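Read the structure below first, then the notes.
These figures come from a predicted structure and were not determined experimentally.
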Amino acid sequence: MASTAVLVLALLVVLLLPPITLAGDLPGFRATLTRIQPYSPGTHSAAVRRDSHRLALLSYASAVGTGRAAATNSSTSIQALVENGPGAYLMNLSVGTPPFTFPAIVDTGSDLTWTQCAPCTKCFPRPTPNLFQPASSSSFSKLSCNSSFCQSLPTSFRTCNATGCVYDYRYGKGYTDGYLAAETLTVGGDSFSNFAFGCSTENGVGNLSGLVGLARSPLSLVSQLGVGRFSYCLRSDMAAGASPILFGSLAKVTGGKVQTTPFVRHPALPASPFYYVNLTGITVGSTDLPVTSSTFGFTWTGSGGGTIVDSGTTFTYLAEAGYAMVKQSFQSQLGNLTTVTGERAGGLDLCFEVNGGDVAVPPKLVLRFAGAADYDVPVASYIGAVEVDSQGRPTVECLLLLPSKDISIVGNVLQMDLHVLYDLDGEKFSFAPADCAKV
């Protein structure tokens with residue numbers, strides 16, 4: 001009798017518990033990514049300028065988070081900088097019932113997904129309808145300050161008033177202000193209820209009308225939907241069409257060339273939203289560079305070092321000591337070419353005249369990661385034409401890697417023609433060469 005009572009009590013407890021969403025419970029879904037501007041000669045300087053802003057914020061985020069820099073005021077952001085310019089990727093998604101569709105920057109360095117809402121005091125104009133109308137949606141609700149999602153906002157970003165949970169997100173060279181709400185989210189034809197997002201009523205982020213946060217934090221899209229993993233494949237030939245992004249069970253990288261390395265946590269900031277990996281070595285041509293564990297590893301000075309995989313940074317940035325080795329090796333192996341500096345270099349650091357043709361035989365570049373994961377980088381991902389002649393033939397080509405003070409970033413150009421997998425459940429990052437049209 002006692003055992004029966006215990007069994008009934010246990011059953012009641014199970015029935016009364018809120019449902020737990022597991023990655024395996026949700027079907028996979030997919031969407032597409034579109035690069036805002038083609039990656040081509042003439043766009044490099046704008047991409048480098050955008051990257052420099054983002055790099056400064058990523059570095060500052062680590063420094064503030066690890067206590068090596070002080071926030072200058074209560075609204076200083078540790079979010080990655082977002083700019084709607086060269087190098088960024090857009091994804092269409094919808095909120096509301098009926099659905100309101102908007103393009104948003106996809107960003108693995110940010111957590112909050114937001115769009116512009118009416119009434120808006122300052123918003124970037126879009127084709128009609130240009131603003132989400134909360135009053136017209138039957139599934140819209142504001143989130144209270146006591147909600148778990150409001151509590152997930154950094155304390156320096158949120159306040160509570162009659163509106164509810166109000167945020168003021170700062171992105172270094174921009175901001176977005178609004179309030180947190182819950183809505184039905186639609187991505188790639190699949191819908192999800194009670195998705196927490198930002199309803200921005202003032203937008204100072206250039207010509208950006210929304211953002212999709214894919215970072216490692218409770219507010220991010222992947223965390224809220226409980227999909228456990230996502231992947232994308234960025235096409236180098238953007239004229240061929242959009243690039244796929246996949247979530248949940250559809251996010252798989254298969255084949256005999258798959259390489260896998262574990263995600264690592266910043267020792268001084270274990271809750272960091274960034275995707276850190278351990279870059280352990282670099283080979284240029286036949287030369288293995290003298291990389292040590294400290295070259296690209298975490299440090300206790302500056303911004304804390306480490307290597308981040310990032311969708312929002314265009315080019316790849318290496319900590320100063322490591323970059324100096326790479327630059328010297330390329331210079332010595334391409335010593336027969338004339339170097340180019342100034343405006344013709346398009347903001348890049350190491351450039352050569354190629355007299356109407358590509359660098360004949362550029363040295364091979366291999367990045368080595370923990371777990372014996374080697375990336376034999378395609379030439380087009382690390383050597384690019386920044387100037388062409390009247391017939392479209394390269395006259396100046398540059399190394400698409402740049403120096404950083406101490407933090408390293410694997411940018412999206414280096415990820416082109418790769419199917420990359422962010423496995424949050426397995427705490428690992430996988431990649432393999434791929435024809436993105438077949439992913």
query = Between Phe132 and Phe100, how do the two ring planes meet: parallel, tilted or perpendicular, split at 30° and 60°?
reply = tilted
inquiry  = In terms of relative ring orientation, are Tyr422 and Tyr275 parallel, tilted or perpendicular, with 30° and 60° separating the classes?
reply    = perpendicular
Atom of [X], atom of [Y] and distance for their closest heavy-atom approach:
| X | Y | answer |
| --- | --- | --- |
| Val187 | Met91 | CG1-CE, 4.2 Å |
| Leu400 | Phe315 | O-CB, 3.7 Å |
| Ser94 | Thr101 | OG-OG1, 2.6 Å |
| Val48 | Gly347 | CG1-O, 3.6 Å |
| Ala373 | Thr261 | CB-CB, 4.1 Å |
| Ala215 | Ser220 | O-OG, 2.8 Å |

inquiry  = Out of the candidates Phe157, Tyr175, Trp114, only one should pair with Tyr169 under the ring pair (Phe, Tyr, Trp, His ring centres under 6.0 Å) rule; please name it.
reply    = Phe157
With Arg368, the side-chain hydrogen bond (donor to acceptor under 3.5 Å, both in side chains) member among Thr280, Asp374, Asn278 = Asp374
We want to know whether [X] and [Y] form a side-chain donor-acceptor pair, criterion being a heavy-atom distance below 3.5 angstrom.
| X | Y | answer |
| --- | --- | --- |
| Asp288 | Thr283 | yes |
| Thr186 | Ser191 | yes |
| Gln116 | Ser200 | no |
| Ser430 | Thr260 | yes |
| Asp310 | Thr108 | yes |
| Arg158 | Tyr167 | no |

Measure SG to SG for [X] and [Y] and state whether it is below 2.5 Å.
| X | Y | value |
| --- | --- | --- |
| Cys351 | Cys398 | yes |
| Cys150 | Cys160 | no |
| Cys120 | Cys117 | no |

remark   = So OG1 of Thr295 and CG of Asp406: to nearest 0.5 Å the spacing works out to 12.5 Å
If you measure from the Lys or Arg side-chain nitrogens to the Asp or Glu carboxylate oxygens, is any gap between [X] and [Y] under 4.0 Å?
| X | Y | answer |
| --- | --- | --- |
| Asp349 | Lys327 | yes |
| Glu427 | Arg216 | yes |
| Arg344 | Glu387 | yes |

Is the backbone N or O of [Y] less than 3.5 Å from a side-chain atom of [X], with the two atoms forming a donor-acceptor pair by type?
| X | Y | answer |
| --- | --- | --- |
| Gln224 | Leu219 | yes |
| Arg229 | Leu424 | no |
| Ser332 | Ser329 | yes |

task = Indicate, with yes or no, if the rings of Tyr276 and Phe298 have centres closer together than 6.0 Å.
result = yes
Aromatic contact, Phe29 with Phe230 (centres under 6.0 Å) = no
